[in-house]
Every structure is written in C-alpha cells, then in structure tokens.
Amino acid sequence: MPLNKPDNAAFPLHSDADTDVLLPLMEKLLDAFEPLHRLSGSVDAERAADSLIEQLSALGLTPRREICPLLLSDPVLGTLELPDFPHWQASAKTRSFSAHCPEGIAGPLYYDSRSQETLPDSELAAWQNTVRGRIVVADRGLEDYVQQLCRAGALGLVHIWGSAEEALHEETVGPIWGTPVPDDGIRYPSLPVVCINQRQGRSLLEILDRQAHPVTARLVTRLNVHVADCSLPVVDIPGEIDEFVLLSSHYDSWHQGLTDNATGNALCLAMAAWFHRSLRPKRGLRIAWWPGHSNARYGGSTWYADRYREELQQKCIAHINVDSPGCEDATEVVVNASGAESFDFLNQAIIHETGTTARRITPLGKGGDQSFWGCGIPLHFAFRVEPGIRTSHSPGSGGGWWWHTEADTRDKVDRHLLLRDCRIHTRWLAQLLYKECLPLDPGGYLERITEELDRLQSALDPQFDLSPVRHALLALQQQVQDLGRWQDSGARREDIKQAIALWHRVRYSSTDDFHYDYSYHGGAFPGLQLLRDRFQHTTSAVTFLMLTTQFTRQRSRALSLLVQSGEVLRSFPPP
C-alpha cells in the first residue's frame, strides 16, 4: 500500500492507511529483535544487524554494512559478600569497564555519606585518607566519582541505586568517549565496581551503623574486555542536492532491550520506508544504526564521526538521535536540543500529534551518541519521553524502572505511543528534507548561551572573569540582529551554519575537533565546569594555579572560536 506523498511545501499527511503500513512494519522488527540479546560483539547483535539489512532490502532500499572494530567491556559477574555476616546476601551487578577482579578483593567497608557533594580542596586530603584501602559504599556510582576513588587508592565501590525498584540496572563506569587512544588507558578504572538495589543498600548501612568495628566485605567482578568487529548498518535516501539529515539509533542493548532501543530501531526503519516511498526530497536522508552504545561507550558513533568527518562537515545539516520511543506510560514528550533549533519548529510537530507542546526543551547532555560536536553539524536534537510522574531514577526507557534490566521486554512497549512518536519524527524530517529554509534560531541560541555563561560566572571565583566571553557573545547577537532575514539567502545560510557549528564547540566541548571530552565533562562550557565552586580561600596554592591555567586556556579557546564566528558573519554580502 503506497504511503501518502508530500509535496515540497507541505508535511506528509497521516491516515489510517499509513497506520496500516508503518505500525506493522515496526512490529515486524520488534518481533525479530525480541528473542535477541544484542550486546555488541555478540552473535545476537550481528543477527540483529542482519535482520535490519534484510528488512531494508525488502523495502527496495540498498543498505550497506560498515564494519567497525570496537573495544568492548562486557559485564559477566558481580558479587558482594560479608564474611562475618553470612546470613546477609545481596544480588549485585558489576559495571562495564569496571576493573576485572575474578579472584576477588577483600577490605573494610566505609560509607561515604558525602559522595554526592563537591568537596572543597581543603577537605580533599582527609577524604582521600579515609577511603584509601577501603571498599567504599556510596549513593553515587558515576564515572567521575569512580575516577576520584581510583586516585585516592580505594579498593572498590559498592553503589546503592537511588530509587526503590528491586531490579538491578546495567551501566558503565568507562570515562572514555568511544574507542580510546593510547593516552586514555590510564583513565580506565583500576578498582572493581558493583551496584546493589536500594533496599539491600539500606540493610547494608544498618549493619555498618550497628558495628563498633569495621565490617569486612569481599567483591568479585568478572568482565570480558575484548576487541570485536561490529556491524553498523547505514542506508541513504538521496535528495536533489548533496545535503542530508542524519537520523540515528543504537541497535545494541542490554538483554532484550525492547524499549532501549528496539523501538528506536523500529522507528528509524519506518522513516526509511516512509521517505523511500514519498516524493524525492530536496535533501537526502541518511539513517545509521549504531553498535557499541552500551559496552563501548558510544563506540559506533565515534567511529563513524572519525571516518566520515569531512562528508559530515560539508553535507550534513542535522543529526537527530532516537532512543527509547514508544515506552509504556511515557505519555510526556521531551526534546533534548542543542539550542540552535527554532523551538517553534520542534513544537509544531508535537502539538500536531499530542495537542500540546513538549513538556520541556533542554540542552543535550552527555549521552545519546552525541559524538559529532567537532563535525560542523548545525542542528542536533533528540526525542525523549517520560511518564507523567517519575518514580525511578532510570534515565532511559521513558523513565521506566525496567531500563537496562532483564525486564525490558515486549510488554513494556506501547504500540500507540510508538506510532505517535513515529509521526512526530515524520513531521520533523519532512520539514528538514523538503523545505528550503532550515529551522535555525541563531539569535535565540546566543541568548541561551549567554544565560548559561552568566549562571556559570556566578559560581566561579571572582578571579575567573568571563566578561570578555560575554562581550563577544553580545557582539555576535548584534551581528545576527543586523543581518535581518538571513534565511532568504543561500550564501548567508551557509555562513550562519558555520557560525553555529563554532558556537557548538564553545558550548558543548572543551577539546579540539578530533578528540572527545571525557564522558563526565558536561554542562555548558564543559572545560570551565570544573572551576565551579572552587574558590581560592578553600583551595591549595598548587590546585588553584592549575585551575587558573585551565581557566586561561579555556577562556582563550572560547574567545578564539567566537572571534572566528564573527569573521564568518562579517563575510556576508550586503543584503
């Protein structure tokens, strides 16, 4: 049955016939993926790639299979025992890129009640002495905290999950974004990490509170760290010009992973079918299904950015990431957007399908295969969903408690919400592919960046003066305002895209275009975030000198990029 075909000025309209085509197509992919445990490097993951390619070919498309070698860390076993309290038992899971300790390590437990605080430098040495030689129990388990424990000489980490579900979640403590370079090796954790659920964690803390003497624990972690060739399916729907939109989703999963991310894979397959059978678009659509999201820390998308950087810089106008649509109870739509997008554009499609705007539009965080900040792409946004009332700390699967667990099964998929989410993406893509003008909002983006800079400045030592950066941002706002209706000029659009790409580097990265920040370096101006709440009167002379050097270099980097963008804008021909 043919799909409705858009013309170059209108969105494709949905109908019952479209539902009859798109929903069965997505459910067919879910059927194929349901029995597979798609951890990258596994036989099941390659079977999933085979199935994707077969279904794309059956639609009349010509997919290709990229092969990328990835460094993978597969959790196999994690145990926690208290030899002096054999009656106490807990289920535990280790983390991807935790240290591999199959023989086990034993040591005294210590509960770090301040694990979620940022300690002043004056208290750091005492904290390090306290955790050194101990297995730390903490309410924090992210990779930045693991790095601190490694530097302090802790023996291990027992992370207590923050919400009440019984299920144990898979996760990673690897700080390296994508495949490492040689200098990255020292950053991988040297201590074992396990997680237990909140109920078991509270019972463990009760034991510690009752004992006058240290309680000994034994940790065992087993991981399979290896290199494997992983498939990366890609398909192109050509347009009239060389520009294209990159639509992506990771196809690897923990366990069955039906909502994280088989539903996203199914949605991308539906987009391939829709636009393949529609009128030829002005811009092309490229769809990629990433491996290595989970056990290689976004390895597939970074491999692709490294290999296709020049093409992405010259031709890609947008990257849309799809992760966990169509989840049970996830009625609320959220958009993570770079800030350069027109919020009206983002909301129009959502209003059309839901009757209301997105619950919120927020900056992109550190996740979701956002591996393209150095590739010059002006638009980056990601569709997310969540329940009306959140009860779990789970950041994925629409906020569902089953995220990254064995319970992420077919019953957690809501087919009606999946179709809703599919239609929203159809409308976004239709405008990007068929309309001449891009939905860019450079003035609004500069205002948002300036607001974030002001918030950061208020948390810095007064010596760390960001006013030169602020003045540069205000000057750019005036330049953009003076340009007027830049969208009407193709030459002007190219220059504004280049300027926005430079602003992305200021806002979202702290390094050069060919390297990646550590996974825990996030927030606006990530290279300056580590200066937050670090004041000279609470910091040693040595540390403050290092912080000052960091500040000087990162401020100079930001100013240099902003100056470059101003020169690009000044190159505009007269209106």
Side-chain angles (χ1 to χ4, degrees), residues 177-178 232 234 236-237 239 241-250 268 271 281-290 298 300-323 335-342 345-346 361 363-383 425 428-429 431-433 435 437-442 444-446 448-449 486-487 490 492-517 524 526 561 564-565 568-569:
W177 195 279
L232 195 167
V234 182
D236 277 298
I237 298 168
I241 61 176
D242 284 343
E243 290 182 347
F244 65 89
V245 174
L246 175 63
L247 180 71
S248 77
S249 64
H250 70 89
C268 288
M271 294 301 93
K282 177 179 180 63
R283 298 182 181 90
L285 175 61
R286 177 170 298 177
I287 307 177
W289 289 264
W290 310 125
Y298 316 119
S301 56
T302 55
W303 180 93
Y304 195 83
D306 288 340
R307 296 311 186 281
Y308 291 93
R309 186 174 305 273
E310 184 177 359
E311 184 180 16
L312 292 167
Q313 286 176 331
Q314 295 176 358
K315 300 178 182 180
C316 186
I317 59 96
H319 172 223
I320 306 173
N321 182 254
V322 186
D323 203 334
V335 183
N336 297 147
S338 72
E341 299 78 11
S342 160
F345 155 74
L346 294 173
I361 299 175
L364 289 154
K366 294 290 289 189
D369 284 290
Q370 296 300 328
S371 304
F372 303 97
W373 296 119
C375 293
I377 302 171
L379 295 168
H380 301 253
F381 59 97
F383 178 86
H425 280 82
W428 278 339
L429 285 168
Q431 180 159 332
L432 292 172
L433 298 181
K435 297 225 174 172
C437 293
L438 296 177
L440 298 170
D441 181 14
Y445 188 26
L446 288 168
R448 286 183 274 274
I449 294 175
W486 57 267
Q487 298 98 326
R492 291 188 168 188
R493 183 171 60 245
E494 288 304 310
D495 284 344
I496 203 73
K497 284 162 51 181
Q498 291 182 37
I500 287 174
L502 291 165
W503 303 341
H504 285 333
R505 295 178 178 107
V506 174
R507 166 60 177 82
Y508 285 97
S509 71
S510 69
T511 186
D512 62 69
D513 294 348
F514 304 96
H515 293 86
Y516 298 87
D517 286 322
L561 291 168
Q564 289 180 51
S565 70
V568 168
L569 297 181

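Quick caveat: nothing in here was measured; it's all calculated off a predicted structure. Quick note: residue numbers are just sequence positions, from 1.
Considering NZ of K315 and OH of Y308, their distance stands at 12.0 Å, rounded to 0.5 Å. Here the CD1-SG distance, from I377 to C316, works out to 4.0 Å after rounding to the nearest 0.5 Å. Atom CD1 of residue I241 and atom CD1 of residue I317 lie 8.5 Å apart, to the nearest 0.5 angstrom. Put simply, CZ on F345 and CH2 on W428 are 7.5 Å apart, with the number rounded to the nearest 0.5 Å. How far CZ of F383 is from CG of D323: 11.5 Å, rounded to the nearest 0.5 Å. Put simply, CD on E341 and CG on L438 are 11.0 Å apart, with the number rounded to the nearest 0.5 Å.
Aromatic pair H380/W373: centroids less than 6.0 angstrom apart. Annotation: H504 is not in aromatic contact with F372 [ring centroid separation under 6.0 Å not met].
Using modelled atom types, one finds no donor on one side chain facing an acceptor on the other under 3.5 Å when comparing D517 with T511. In this structure, a donor-acceptor pair under 3.5 Å is present between the side chains of Q314 and E310. W289 and S248 share no side-chain donor-acceptor pair at under 3.5 Å. For the residue pair S565/W503, the side-chain donor-acceptor check at 3.5 Å is satisfied.
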Residues L364, F381; criterion side chain to side chain contact (heavy atoms under 4.5 Å, CB included); working and verdict:
CA-CA 7 Å; L364 289 154; F381 59 97; 5.6 Å; no
Step by step, work out the side chain to side chain contact (heavy atoms under 4.5 Å, CB included) result for L432 and I320.
CA-CA 11 Å; L432 292 172; I320 306 173; 3.8 Å; yes
Pair Y304, V234 - check side chain to side chain contact (heavy atoms under 4.5 Å, CB included), show working.
CA-CA 11 Å; Y304 195 83; V234 182; 4.3 Å; yes
Apply side chain to side chain contact (heavy atoms under 4.5 Å, CB included) to the pair L247 and M271, showing each step before the final yes or no.
CA-CA 9 Å; L247 180 71; M271 294 301 93; 3.8 Å; yes
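The two atoms that bring L232 and A288 nearest to each other are CD2-CB, 4.2 Å, heavy atoms only. Of all heavy-atom pairs spanning R507 and P363, the tightest one is NH2-CB, 3.1 Å. The heavy-atom pair separating D369 from H250 by the smallest distance is OD2-CB, 3.9 Å. Nearest heavy-atom pair across A340 and I500 is CB-CG2, 3.7 Å. Nearest heavy atom pair, residue S371 against residue T302, reads OG-CG2, 3.4 Å. P378 approaches S338 most closely through the heavy-atom pair O-OG, 4.2 Å.
Side chain of R309 to main chain of D513: a donor-acceptor pair is present (N/O by atom type, distance under 3.5 Å, no hydrogens or angles). When atom types are taken as modelled, the side chain of Q498 and the backbone of I496 share no donor-acceptor pair closer than 3.5 angstrom. Judged purely by atom type and a 3.5 angstrom limit, R283 uses its side chain to pair as donor or acceptor with the backbone of K435.
Salt-bridge check for K497 with E243: passed, with a basic side-chain N closer than 4.0 Å to an acidic carboxylate O. A salt bridge is defined here as a Lys NZ or Arg NE, NH1 or NH2 lying under 4.0 Å from an Asp or Glu carboxylate O, and R286 with E311 meets this definition.
In this structure, the side chains of P442 and L569 stay at 4.5 Å or more apart for every pair of heavy atoms.
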